[in-house]
Amino acid sequence: MKLSYQSTRGGESGLTASQAILKGLADDGGLFMPTQIPKLEASIEELAGMTYQETAYQVMKLFLTDFTEEELRFCINHAYDEKFDTEEIVPLVKADGAYYLELFHGSTIAFKDMALSILPYLMTTSAKKNHVENEIVILTATSGDTGKAAMAGFADVPGTRIIVFYPKGGVSRVQELQMVTQKGDNTAVVAIHGNFDDAQTGVKKIFGDKAFGEKLAAKGFQLSSANSINIGRLVPQVVYYVYAYAKLVKNGEIKNGDLINITVPTGNFGNILAAYFAKQMGIPVKTLICASNDNKVLYDFFQTGTYDKKREFILTSSPSMDILISSNLERLIYLSTGCDAGADRALMEALGSRGDYTVTEQMKAVMKDFVGGFATEEENWAEIRKVYEDTGYVIDTHTGVASAVYRAYRERTGDNTPTVIASTASPYKFSHSVMKAIRGADSAEDEFASIDELCRTSGVKIPAAVEEIRNAPVRHNRECDAADMEKTVGEILGL
């Protein structure tokens, strides 16, 4: 059966992969899902002998069924090249009783590079396949990493523009500098007065404004998204979980067929959903450990079955997880209803109008693979310090949350199943917080003094992505209120 894509809310169906990638978000506000999650065709033994690029082809061809082999291999080989500073693309490091999957060796030193290095190629290939004449405007909200990774991917890509909104004061200094110094005539960055949820809600509202869409079309523009709501973001993320399992087998750490656990620091739910997709494709995964920081909306959901966004928004040292509306959870909700678009739509409408919803016992049973956990700021810092003192290995503040949650899970359950922890960012991206954790006291106030201190402490070379922003000029200084995001997009595009 040839795969097609449909909205989780029932308004659209029968789209090809390339059409779903181009649209990003469905017209009814839903997210695109494949009609089925395909099973891997290559065996684990075959996958164990493959490079990252070859593994990517084996996974992605099953989802992107309207791409030719030539088109897909072109996208993969241009995405996963010398932009990454390690040949294996995602090294797997054994430390402190777990396997840290380092997803931060791309050009912006965060896991978002894994998908956003390939999305511009998937997008421009999709545009050609569908004879798109309009300029594609990538509209994205970021909690810190997506923005830079998307801009780095789309900068000066012909036929595209990219506009990124981020919460002023809600990202690390390095994250902000990476965005506001971004080159490219087609890039724009806007700091909004609000938090990430405000930015994400504003972007979704713009996508849902039909009149604004018509206005854009009249000027030769069409919107698409680089957020993880785009299926073209989610599919490439499945690859590294398949690759990690095959690598564990190849390295003799596990036998083929052995179960593993996967722990993911989670904000918008896309990264852990990709691990769930990998399990559905045939990777032997026992438990998916969903790690939250003090913004523990997902932990509470997996504990109670009620998703409730009506709570205080807390700024933490792991800003990419400072999220109260986890957009990608809708895809899991949809699957848990047996792909009942009406049931999914009713729950999402309740979230929009009331601020909460509760799932049925039957839906909870479908989600039994997931276990929630959370780590406070103090627990996060203690974990970063402990891992460093015990092993010499330095992890960032998001990986620290995942590591702390995994440690607590293992102590609570006695489950010693081999566990992969998604290490989602270089510690250099959050050097001030990491050094504070390691030292047990405030480190140098200047971000770059902290970076130099981290280099001396870890013995790991400062990544080029950090060095290049040390003295880079600020190119973007636009700000707006959350209520004025649509107006700001119009101004940037000269409407």
Side-chain angles (χ1 to χ4, degrees), residues 1-39 59-68 71-72 115 119 122-123 125-132 134 136 138-139 203-210 212-214 216-217 222-238 268-270 273-274 276-277 280-281 326-352 357 359-360 362-363 366-367:
M1 174 182 158
K2 191 152 185 174
L3 216 59
S4 66
Y5 286 81
Q6 57 204 19
S7 168
T8 50
R9 301 186 192 179
E12 287 177 89
S13 60
L15 276 75
T16 62
S18 63
Q19 288 168 340
I21 288 168
L22 277 174
K23 292 200 75 167
L25 191 68
D27 289 339
D28 59 3
L31 309 189
F32 287 116
M33 277 287 284
T35 44
Q36 63 187 56
I37 297 174
K39 297 294 182 193
V59 173
M60 292 173 68
K61 72 174 185 178
L62 302 174
F63 287 97
L64 309 183
T65 52
D66 66 325
F67 282 66
T68 65
E71 287 169 340
L72 190 50
L119 185 62
L122 296 177
M123 191 80 77
T125 303
S126 296
K128 276 187 205 137
K129 292 176 84 65
N130 291 279
H131 313 293
V132 169
N134 287 344
I136 298 165
I138 308 297
L139 193 59
V203 164
K204 282 188 165 182
K205 205 175 272 182
I206 294 168
F207 271 99
D209 187 336
K210 299 272 193 301
F212 188 65
E214 286 165 13
L216 287 171
Q222 72 181 63
L223 294 176
S224 191
S225 173
N227 278 94
S228 55
I229 55 176
N230 193 319
I231 198 72
R233 267 282 303 275
L234 187 62
V235 168
Q237 292 179 274
V238 179
N268 218 15
F269 206 74
L273 184 70
Y276 180 73
F277 272 40
Q280 300 305 306
M281 293 186 84
S326 301
S327 284
N328 267 290
L329 184 63
E330 180 171 351
R331 287 187 163 112
L332 181 64
I333 296 296
Y334 174 72
L335 289 171
S336 74
T337 64
C339 302
D340 181 339
D344 174 79
R345 186 171 61 250
L347 292 172
M348 295 308 125
E349 283 171 357
L351 183 66
Y357 62 78
V359 298
T360 65
Q362 200 173 353
M363 289 166 70
V366 176
M367 296 184 265

Tightest non-hydrogen contact, residues Asp66 and Ser18, listed as OD2-OG, 2.6 Å

Heavy-atom check, side chain of Cys339 versus side chain of Met33, under 4.5 Å: no

For the backbone of Gln280 and the side chain of Lys39, can you confirm whether one donor and one acceptor N or O come within less than 3.5 Å of each other? yes

Pairs flagged by salt bridge (Lys or Arg N to Asp or Glu O under 4.0 Å) wherever residues 10-30 is involved - sequence neighbours left out: Glu12-Lys23, Lys23-Asp27

Working note: Lys129 + Glu71, criterion salt bridge (charged side-chain N to carboxylate O under 4.0 Å, His left out); need CA distance, chi angles, decisive distance, verdict. CA-CA 10 Å; Lys129 292 176 84 65; Glu71 287 169 340; 2.8 Å; yes

If you round to the nearest 0.5 Å, how far is CZ of Phe32 from CG of Leu15? 5.0 Å

Test item: Leu64 and Ile21 side chains (from C-beta on) under 4.5 Å apart, heavy atoms: yes

Test log, rule side chain to side chain contact (heavy atoms under 4.5 Å, CB included), inputs Leu216 and Gln222: CA-CA 6 Å; Leu216 287 171; Gln222 72 181 63; over 6 Å; no

In this structure, CG of Leu72 is separated from NZ of Lys61 (nearest 0.5 Å) by 9.5 Å

Would you sort out whether Met348 and Ile333 count as a side chain to side chain contact (heavy atoms under 4.5 Å, CB included), showing the intermediate values? CA-CA 9 Å; Met348 295 308 125; Ile333 296 296; 4.1 Å; yes

Would the distance check show the side chain of Ser224 and the main-chain N or O of Leu22 forming a donor-acceptor pair, the cut-off being under 3.5 Å? yes

Check for a donor-acceptor pair, side chain of Asn227 on one end and backbone N or O of Ile229 on the other, with a separation under 3.5 Å. no

When rounded to the nearest 0.5 angstrom, what distance separates CD in Gln6 from OH in Tyr334? 3.5 Å

All heavy atoms of Ser327 vs all of Lys204, minimum pair found to be OG-NZ, 3.2 Å

Criterion side chain to side chain contact (heavy atoms under 4.5 Å, CB included) on Phe63 and Ile231, from CA distance to verdict: CA-CA 10 Å; Phe63 287 97; Ile231 198 72; over 6 Å; no

Can a donor-acceptor pair be found between the side chains of Thr337 and Asp344 at a distance below 3.5 Å? no

Looking only at atom types and distance, does a side-chain atom of Asn328 sit under 3.5 Å from a main-chain N or O of Ser228, one as donor and one as acceptor? yes

Report the residues that fulfil side-chain contact (heavy atoms from CB on, under 4.5 Å) with Glu349, sequence neighbours left out, ordered by chain and then residue number. Arg345

